[in-house]
Structure formats: structure tokens, C-alpha cells
Amino acid sequence: MDIQDVVQKAQEEQLRLVRFLYCDNGGIIRGKATHASRLASRMKEGIGQTFAMQAFSGVEQLAPVEGLGPIGEYRLIPDPDTFVVLPYAPKSGTMFCDMRQTDGSAWGACPRTFLKRMCAELAREGMRAEAAIEHEFYLARRENGAFVPADNSLCYSSIGLDQQAEVIDAILGALESEGIEIELFHTELGPAQQELSVRHADVLRAADNVCLVRETVRGVAYQHGLYATFAPKPFLDQAGNGAHIHFSLWSNDSGNSTNLLYDPGERGGLSQLGKYFIGGILYHIRALIALTCASPNSYRRLLPHYWSSAYGVYGFDNREAAIRVPSLFNGREAASCNLELKCSDHSGNPYLALGGLIAAGLDGIRRKIDPGEPQEIDPGNYSDAERERLGIQRFPTTLEEALNELEQDEVLTEALGPLLSSAYLAVKRNEVAYFKEKTPEEEALQHFYKY
Ligand code: GLU
Ligand code: MG
């Protein structure tokens, strides 16, 4: 797609508004919309936005970040390849944007540009990345100010599929019309908890897709009188919502790209390069998690025995490990070889999460970091003494702790760059301070309809 294609399509569809969206440091999807009559010039010039928005937190407060105050602005420049007509909002379309300086050059506080930079680093090493996300969310109604699950379905229950059949069909139809390739759908453990898997794609497109899926699921559910929430722990006594990341690395030779994680001679088909990549992720996991599990609410989800992972280990088909190495599918072993990061949820910014994952994994490859032995049991079943002997690390148990780890992690902060890392830390610390004064119930309620 180029600008002309987008303008033509917008005319054919008689669009009135086209949204220029982005995901901010607080993990919130925001944006402004242009009237369709101004689309062509807006796509070239961008829409102006104050610098301060990259210091704006998820609780609508301006965090103190040098240079990101009321003075100065950047431009939201949309990527025409992300253009879709929105099936849930009349005469509306949307695109996802880069943040650029007024002279058109890259801006250091832009998360999407950060992910592009990490892709370029991979390309310099002859690699490219693909990712697919498992989207878990609840469907709820609002009753007397509280959110209540839309049904009482059991895990994988077909009754749940029947009860929500209409809204599920509308959600999937909307996603199809937007060009999202759907792989699987099922009811999850919690009442009215759903899971939607989307086909893997180039990592930048995968991050754009995360935003589009979140927008579309929420938008279509709302049309059906329901609230869809991707918050990590919207109901404190129920299963959390993960956003597990399936990740693979490919050689970037055009035409004949091979899966670099795969080696048929190794256990589970996992190549030495794949082990180093895991080594890097586990080495940085306590800091990386500040990007992949990015809200105070995230840390209520990451408990032992909840299948969300709580320890920095990997294992073959081990669903309590931070990284599961999934078993391969017969007949398409090379194509199906991937890694699944469990400690990830939708309160994060997908561009930051995937970019951080690449930075950590690349460090593992460059420094040949050994991930140690795979874990064959639930690491939560070891005693503290055994975990210590085996060198098994518990994740940070609060966002505050994770942010302190991130601040100390030179690989990740250097990859993010000074402006983005300081803005991110300030925004997230603002959220930490805000929720310190609140009860868990208030926290869950306030996270409910943000992501
Ligand atoms: N809901 C779990 C989580 O918080 C994941 C359950 C599963 O898919 O295994 O990550
Ligand atoms: Mg699941």
C-alpha cells in the first residue's frame, strides 16, 4: 500500500475519519483522527502531537521527563501498510504510526521505531524474526458499576462457545475483514475468558496486529453490549490474561529463508543458536519483564502454578517455564519450531516488548550465553533451597522491582536509547506510585477497561 492506495480505498469506502493510532509508554492505544478529505496531505505531513504524550502515564498523569513537557511537538506519521477499514465504527479507518520529529527524522522516544531498529540489528546478523501472540481476554458486563463475567463457562467448554457464539463470530468476522489471519479460538480457564491465536507474521506486523486485535475485540464486544478486557488480572480470584509470545528466528536470505531455531539433530529440534537466544532472554528476564509485564496489575498474574510462569527457566513443553519450547508438528518440524514466552501480557506496549525480546536474545547469541538445563518439572514445586542450588530465579514480584532491574540493565537501556528508557521508567514509576495508594480491587477495576 502507498498513500495513493490508502486514499483511493478511503474514498471507495466513503470514510469520514481515519485514525492515526499509536501505543504509548503506558501501553494505552491512543491517537487522533483526520477527516478523510485531508488524508493525503496528513499522511505526508503527519498529525502534530505534544512531546508530553510520551511522558503521559496510564493513569492520565504527566511524569517528569526532561524534554517531554509542554514545549515542542512531534508528528504521527502512519504506515500505509497498516491501513484498515474499521468494521465496528461507521465510516472509520485506522493506521498505526511512527513518531517522527518535525523535520521528518526518527524520534528517540518512539516505540515502533525502536522495534524497527532492533529488526535492523537482527538483519545485520543475517536474521529476521517472526512472532505470533495468544490473546487472552474476558468478556464482561457492567452491573452497578462493577464488571462481572459475561458467563460462567468452564475451561475449553463448548457451552461457553455457544453462549458467546454471536459476539465471537462478529469479532472473528471483523478481524478477517481487517486481514488478520486467525488460527484458533477457545474458551479459557476463567468464566467468559476467551483465547484467540493469530498467525505468525514479521515481527513489526505482529506488533501492529496486537494493537489491531485489542482495538477490534474491544470495539466489537462493545457493540454487543459487552466489555472485553485484556488486563492481566481483571478478576483477582480468577485466572489472569496472558499474551504469550511465540517467536522464531529466520535467515534473511530472500526466497530461501530457513528457521534458525531448528536443528533436527538436537533435542526437541532446538538449535544451538536457539539455546543462546534463550540464554540471553533468561539472563535479562528480570529486567525484560518490566517491558512484557508492564502494569502494577501484571504482577498479580505471575504466580507459581497459574500457568503464567513465575521463574526464569525454560523447558520442553513445560507450561510453568518462562520459555516453553513447544513440541514440533509432524511433517512440518522446521516450520513449527518456535519459542513461547509466557511472562507477557497485554498491558505492555507490543513494540517495546518485542524489541526488548530481540535485544535480550541477540545479547545471548553474541555472548553465547548458556541457558543451562531445561526444567522437566514445575519450578514452583522445588523448595527455596533447591531453587537456589539450581540457580532458578523468581521473577520480580512487583512492577517497581522490575523497573529497578530494567534501569540497571545496560543492554536493554542502551537498546531503548536514553530518551525512550528514561521516559518509560518515569511513566511506569508514576503508575506504581499511583496504585500504591489504592486497594487491589480498585487497581483491578482501573486496569479493566484500558487494554
Ligand atoms: N491464563 C494463563 C496466563 O495467565 C495461561 C493459560 C494457558 O494458556 O496455558 O498466562
Ligand atoms: Mg491460554
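Just so you know, residue 1 is the first one in the sequence shown, and it goes up from there. Remember, it's 1-based here, ligands and their atoms both numbered in the order they're listed.
Neither the backbone nor the side chain of A239 comes within contact range of ligand 1; no heavy atom lies under 4.0 Å.
At under 3.5 Å, a nitrogen or oxygen of E188, whether backbone or side chain, sits near a nitrogen or oxygen of ligand 1. Considering backbone and side-chain N/O of N241, none are found under 3.5 Å from N/O of ligand 1. Considering backbone and side-chain N/O atoms, H244 comes within less than 3.5 Å of an N/O atom of ligand 1.
The number of heavy-atom neighbours closer than 6.0 Å to CG of D81, taken from other residues, nucleotides and ligands shown, is above 12.
R394 forms a cation-pi arrangement with Y311, by the criterion of a distance under 6.0 Å to the ring centre and an angle within 45° of the ring axis.
Tested against N241 for a side-chain hydrogen bond (donor to acceptor under 3.5 Å, both in side chains), the candidates E195, Q194, Q193, E188 yield a single pass: Q193. Each of Y227, F230, F235, F137 was compared with F448 under the ring pair (Phe, Tyr, Trp, His ring centres under 6.0 Å) criterion, and only F235 meets it.
Nearest N/O/S atom of E136 relative to the Mg ion (ligand 2): this is OE2. As for E195, its N/O/S atom nearest the Mg ion (ligand 2) is the one called OE1.
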F435 vs H447, test: ring pair (Phe, Tyr, Trp, His ring centres under 6.0 Å). Steps then yes/no. CA-CA 10 Å; F435 283 110; H447 279 77; 4.7 Å; yes
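Between the Mg ion (ligand 2) and E188 there is an N/O/S contact shorter than 2.8 Å.
Between K342 and E320 there is no salt bridge, since none of the side-chain N atoms of the basic residue sits less than 4.0 Å from a carboxylate O of the acidic one.
From the protein, the heavy atom lying nearest to atom 1 (N) of ligand 1 is E136 OE1, 2.7 Å. Of the protein's non-hydrogen atoms, the one nearest atom 9 (O) of ligand 1 is K342 NZ, 3.7 Å. Given atom 4 (O) of ligand 1, the protein heavy atom at minimum distance is R301 NE, 2.7 Å.
Taking the six-membered ring where the residue is Trp, the centroids of H135 and H346 are separated by under 6.0 Å.
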